[in-house]
Amino acid sequence: IKKSVKHNFFWANKLRKILNNFNIITNEVTANFLLLNFNKCKLSADKIEKKLQKQGLILRETKTYGIKNCLRLTIGNNSENKLFLKTINKIFQNV
């Protein structure tokens with residue numbers, strides 16, 4: 001359990017820092033996921049979700065929970081997290 005908590009805390013903080021560069025706001029690290037808020041971002045949650053899906057990355061939409069313009073990102077393993085970061089960087093290079 002300690003190893004998982006350490007892993008999730010490390011990656012959640014790393015992901016938060018990079019996502020903030022794109023004006024994607026996230027919650028504080030308290031679990032194995034981040035709620036990504038796109039209200040201040042150039043792209044909407046729907047557009048990001050579709051672009052990520054084309055690359056095989058599935059994030060949970062939050063509209064069904066009454067949370068608009070957000071996505072839920074589960075902290076994955078090292079390679080999954082690196083793939084997410086690489087993909088999100090590519091998406092914003094083309095904006």
Side-chain angles (χ1 to χ4, degrees):
I1 293 173
K2 287 180 184 181
K3 185 178 177 183
S4 292
V5 169
K6 184 178 178 180
H7 171 86
N8 288 340
F9 189 76
F10 169 81
W11 275 104
N13 282 308
K14 183 173 184 148
L15 290 163
R16 287 183 80 224
K17 287 178 186 176
I18 293 168
L19 292 168
N20 282 331
N21 293 331
F22 305 120
N23 292 321
I24 301 169
I25 309 304
T26 66
N27 58 300
E28 293 294 322
V29 181
T30 58
N32 68 334
F33 69 91
L34 293 172
L35 182 66
L36 311 183
N37 180 312
F38 293 86
N39 289 338
K40 296 183 179 183
C41 183
K42 291 180 181 180
L43 298 174
S44 70
D46 286 340
K47 287 183 181 180
I48 293 290
E49 182 182 23
K50 288 175 184 162
K51 290 178 181 287
L52 290 171
Q53 283 178 352
K54 287 181 183 177
Q55 300 301 313
L57 296 168
I58 309 296
L59 275 64
R60 181 177 292 172
E61 60 84 19
T62 58
K63 290 179 280 192
T64 55
Y65 303 103
I67 305 171
K68 297 178 182 175
N69 206 29
C70 291
L71 295 171
R72 182 185 186 272
L73 171 66
T74 301
I75 307 301
N77 62 36
N78 290 339
S79 61
E80 291 167 336
N81 295 329
K82 289 176 184 177
L83 177 60
F84 172 78
L85 288 174
K86 181 180 176 181
T87 305
I88 203 81
N89 276 309
K90 281 185 184 178
I91 289 169
F92 281 95
Q93 283 177 355
N94 298 321
V95 173

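Side-chain contact between Leu15 and Leu85 is present, with at least one heavy-atom pair separated by less than 4.5 Å. Taking the side chain as every heavy atom from C-beta outward, Trp11 and Asn78 approach each other to under 4.5 Å. Within the 4.5 Å cutoff, side-chain heavy atoms of Asn81 are placed close to those of His7. Counting only heavy atoms from C-beta outward, the side chains of Leu19 and Phe84 approach each other to under 4.5 Å.
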Derivation of the side chain to side chain donor-acceptor pair (under 3.5 Å) call for Thr62 and Arg60: CA-CA 6 Å; Thr62 58; Arg60 181 177 292 172; over 6 Å; no

Residues Glu49, Asp46; criterion side-chain contact (heavy atoms from CB on, under 4.5 Å); working and verdict: CA-CA 5 Å; Glu49 182 182 23; Asp46 286 340; 4.2 Å; yes

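Nearest heavy-atom pair, Cys70 versus Leu35, reported as atom, atom and distance to 0.1 Å: CB-CD1, 3.9 Å. Leu71 and Ala45 get closest at one heavy-atom pair: CD1-O, 3.7 Å. Residues Cys41 and Ile24 approach most closely at SG-CG1, 3.9 Å, considering heavy atoms.
The NZ atom of Lys68 sits 13.5 Å away from atom OG of Ser44, with the distance rounded to the nearest 0.5 Å. To the nearest 0.5 Å, the span separating CG on Asn39 from CD1 on Ile25 amounts to 9.0 Å. Here the straight-line distance linking atom OG1 of Thr26 with atom CD1 of Ile18 works out to 11.5 Å at 0.5 Å rounding. Here the straight-line distance linking atom CG of Leu43 with atom CD1 of Ile48 works out to 4.5 Å at 0.5 Å rounding. Taking OG1 from Thr87 and NZ from Lys82, the interatomic distance works out to 14.0 Å, rounded to the nearest 0.5 Å. Note: Leu36 CG to Asn27 CG = 8.0 Å, rounded to the nearest 0.5 Å.
The same ILVMFWY cluster, assembled from side-chain heavy atoms under 4.5 Å apart, contains both Leu83 and Leu52. In the hydrophobic clustering of this structure, Phe92 groups with Leu59; members are Ile, Leu, Val, Met, Phe, Trp, Tyr whose side-chain heavy atoms approach within less than 4.5 Å, directly or through other members. In the hydrophobic clustering of ILVMFWY residues, with side-chain heavy atoms under 4.5 Å counting as a link, Leu57 and Phe38 come out together. Cluster annotation: Leu34 is not connected to Ile67 through the hydrophobic network of ILVMFWY side chains, with a link wherever side-chain heavy atoms come within less than 4.5 Å.
Looking at residues two or more places apart in sequence or on another chain, you find a side-chain contact (heavy atoms from CB on, under 4.5 Å) between Ile58 and Gln53.
Summarising the local packing, CZ of Phe10 is surrounded by more than 12 heavy atoms from other residues, nucleotides or ligands at distances under 6.0 Å.
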